[in-house]
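Notes to accompany the following structure.
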Amino acid sequence: MESQPVRTGNPPGFPRYYSVMCKPAGPACNLQCEYCYYLSKEQLLDLPGLQAMPEDLLERFIAGYIRDTDAAEVAFDWQGGEPTLLGLDFFRKVVELQERHCLRGKSVINNLQTNGVLLDEAWCDFLWRNRFLVGLSVDGPRELHDTYRKSKGGQPTFDAVMEAVRLLKRKKVMFNTLTVINRVNALHPLDVYRFLTREVGSRLIQLIPMVEPKGFETTAPQGWLAERLPVSGSTAARPGTPDSMVQEWSVDPGDLGVFLCRIFDEWWQRDIGRYFVNLFENSVAAWAGLPAQICVFGETCGRALALERDGNLYSCDHYVYPGYRLGNIRDRDLPSMVFSSGQEAFGMNKSRLLPAYCRACQYRFACHGECPRNRFVRTPDGEAGLNYFCPGFRIFFAHADARLTQMVREMGINSGRSVVRMQA
């Protein structure tokens, strides 16, 4: 899917907004989380071991990203693997380069996604001083977190993560939490939610449902043979069955729906305005007729890309496969790849390839088929391209519909949902 540099997709004067998730250490990590979809990139992309993005590439990225996006506030997202493996000196250089290349009328913010294991006082002092927002991975209380999040030697990581929580709080570092909803913790929704809110004290909770098909390490999304895709709801489209096509740690769609409903009820009864849950905030926006706040629920995609440590740019963090490589920042500037015809088609295909089952769904306005990477099951009538999570999201949307409608009405917003549904 090498894109062509001759077309930008943006006429003169058209705002150029996009985000780039930078992986300066590549897939290198100090943990061996069983459900990690990124560790296998070491072999797939030939990025073995721990190496840092070369300084000349780092500077090229930082300068170009600030210059070539029209956002007044330019957000840098540093992820991995585990970016803290590169050490403080690397991120001191990041801040130095950002200050050197920041243009008048623009400002820079930094977001760091981490497992927290390497955070210490020096790290937290740096993060506070430079106003980094930290995204900390934690999957719930000890027995749930340690189910899949283990060290390279198979040791639990809960205590190290909770020490990171204590440090971040004591040093007043801004942080939120990212929780992977997997096959095990999905069965304990209130245990997870109450732990994140009452013990961790996370004000912003990102819930990320996890699924990967068997063979995902080398087969990119949309690379499966349509005739081999299971029908949604069949045993092959659920984890833990003899004929399942998904990894055993994947969350069951039905369990996901119940998980979201239980947490939503508690959030609605006691926590609105106190804690912010990404999937609920996005739903409020959808019911109000506002744009999606999370890319997976947008009508189209293609404006959130991934940059590897070798300078290769990919269509999306979940499409880091050779066939979705757009080019390298050594040879091309970011806009020529982000707004290329190939990437434009990638983003529009999210809407264009929706199956008829989705187009007729009353909750299409809230979901838009979710992320295309998860569209590897067939609809009840056999059409390929349905999202694996569809049954779960339909359970949740139906459960929350009346209260979301009430909330929007009380906010005095004319949502225009009927227009959205009629156009669907």
Side-chain angles (χ1 to χ4, degrees), residues 1-24 41 45 53 56-79 97-98 101-111 220-223 290-354 368-373 375:
M1 189 181 157
E2 289 284 347
S3 53
Q4 301 302 312
V6 295
R7 180 182 177 188
T8 68
N10 271 22
F14 189 89
R16 299 181 299 183
Y17 298 126
Y18 56 93
S19 64
V20 177
M21 182 185 296
C22 184
K23 298 172 177 291
K41 305 302 180 186
L45 306 180
M53 176 179 281
D56 65 321
L57 269 185
L58 180 66
E59 182 167 14
R60 187 177 182 88
F61 164 58
I62 289 173
Y65 190 38
I66 294 173
R67 180 188 66 239
D68 294 330
T69 178
D70 290 339
E73 185 178 69
V74 183
F76 285 84
D77 298 309
W78 308 99
Q79 302 207 15
L97 291 171
Q98 290 172 338
H101 292 284
C102 195
L103 302 173
R104 180 176 297 179
K106 292 194 174 188
S107 61
V108 166
I109 59 173
N110 286 286
N111 305 313
Q222 283 72 61
L290 301 174
Q293 298 184 349
I294 308 172
C295 69
V296 299
F297 294 117
E299 187 170 4
T300 61
C301 61
R303 294 295 180 262
L305 301 96
L307 181 68
E308 274 295 343
R309 73 184 188 203
D310 58 3
N312 282 328
L313 186 72
Y314 294 86
S315 292
C316 169
D317 180 41
H318 290 282
Y319 282 78
V320 178
Y321 293 85
Y324 291 91
R325 176 184 176 273
L326 298 171
N328 193 290
I329 61 171
R330 284 195 186 278
D331 311 314
R332 301 174 58 184
D333 60 44
L334 285 168
S336 73
M337 295 182 279
V338 175
F339 302 112
S340 64
S341 58
Q343 184 66 1
E344 181 179 328
F346 171 84
M348 296 304 295
N349 278 345
K350 179 177 184 183
S351 175
R352 188 175 66 84
L353 300 180
L354 269 182
H368 293 296
E370 211 251 353
C371 185
R373 79 180 184 100
R375 297 180 184 179

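Because only heavy atoms are used, hydrogens play no part in the values below, and waters and symmetry mates are left out as well, while side chains stay in. Computed from a predicted structure; not experimentally measured.
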For a 4.5 angstrom cut-off between non-hydrogen side-chain atoms, does [X] reach [Y]?
X: Val108; Y: Asn110; answer: yes
X: Glu308; Y: Leu313; answer: no
X: Ser351; Y: Glu299; answer: yes
X: Leu57; Y: Arg309; answer: no
X: Phe297; Y: Cys371; answer: no
X: Cys316; Y: Met21; answer: no

Does one side chain, of Asn111 or Trp78, offer a donor that lies under 3.5 Å from an acceptor on the other?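 There is no such pair between these side chains.
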Going through the distances and angles, do Leu353 and Gln222 end up as a side chain to side chain contact (heavy atoms under 4.5 Å, CB included)? CA-CA 11 Å; Leu353 300 180; Gln222 283 72 61; 5.8 Å; no
What verdict does the side chain to side chain contact (heavy atoms under 4.5 Å, CB included) test give for Phe346 and Ser341, after you've listed the backbone C-alpha separation in whole Å, the side-chain angles of each residue and the deciding distance to 0.1 Å? CA-CA 9 Å; Phe346 171 84; Ser341 58; over 6 Å; no
Classify the ring geometry of Phe76 against Phe61: parallel below 30°, tilted from 30° to 60°, perpendicular beyond 60°.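 The arrangement is perpendicular - the two ring planes meet at more than 60°.
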Between Asp333 and Arg67, does any side-chain N to carboxylate O distance fall below 4.0 Å?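 Result for this pair is no, no salt bridge flagged.
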Closest approach of [X] to [Y] (non-hydrogen atoms, all atoms of both residues):
X: Asn328; Y: Arg325; result: CB-NH2, 3.7 Å
X: Ile66; Y: Gln98; result: CD1-O, 4.1 Å
X: Gly64; Y: Leu334; result: C-CD1, 4.4 Å
X: Pro221; Y: Tyr321; result: CD-CE1, 3.6 Å
X: Arg375; Y: Lys350; result: NH1-O, 2.9 Å
X: Tyr319; Y: Tyr324; result: O-CB, 3.2 Å

To the nearest 0.5 Å, tell me how far [X] [atom1] sits from [Y] [atom2].
X: Arg60; Y: Leu97; atom1: CZ; atom2: CG; value: 14.0 Å
X: Asp70; Y: Lys106; atom1: CG; atom2: NZ; value: 6.0 Å
X: Leu45; Y: Asp310; atom1: CG; atom2: CG; value: 7.5 Å
X: Leu58; Y: Cys22; atom1: CG; atom2: SG; value: 7.0 Å

Should Leu305 and Met337 be marked as a side chain to side chain contact (heavy atoms under 4.5 Å, CB included) after you check the CA-CA gap, both sets of side-chain angles, and the distance that decides it? CA-CA 10 Å; Leu305 301 96; Met337 295 182 279; over 6 Å; no
Is it the case that the side chain of Gln343 and the backbone of Leu326 share a donor-acceptor pair, with hydrogens and angles ignored and the cut-off at 3.5 Å?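 Side chain of Gln343 to backbone of Leu326: no pair is present.
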Heavy-atom donor-acceptor pair, Tyr17 side chain to Arg303 backbone, under 3.5 Å: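 No, because the side chain of Tyr17 does not come within donor-acceptor range (under 3.5 Å) of the backbone of Arg303.
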Think Lys23 forms a cation-pi with Tyr314, using NZ or CZ under 6.0 Å from the six-ring centre and within 45 degrees of its axis?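 No, Lys23 does not lie over the aromatic ring of Tyr314.
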Using the rule given for side chain to side chain contact (heavy atoms under 4.5 Å, CB included), can you reason through Asp77 versus Val20, listing the C-alpha separation, both sets of side-chain angles and the distance that settles it, and then say yes or no? CA-CA 7 Å; Asp77 298 309; Val20 177; over 6 Å; no
side-chain hydrogen bond (donor to acceptor under 3.5 Å, both in side chains) partners of Glu59, counting only residues at least two apart: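 If we apply the side-chain hydrogen bond (donor to acceptor under 3.5 Å, both in side chains) test to Glu59, skipping adjacent residues, the hits are Arg100, His101.
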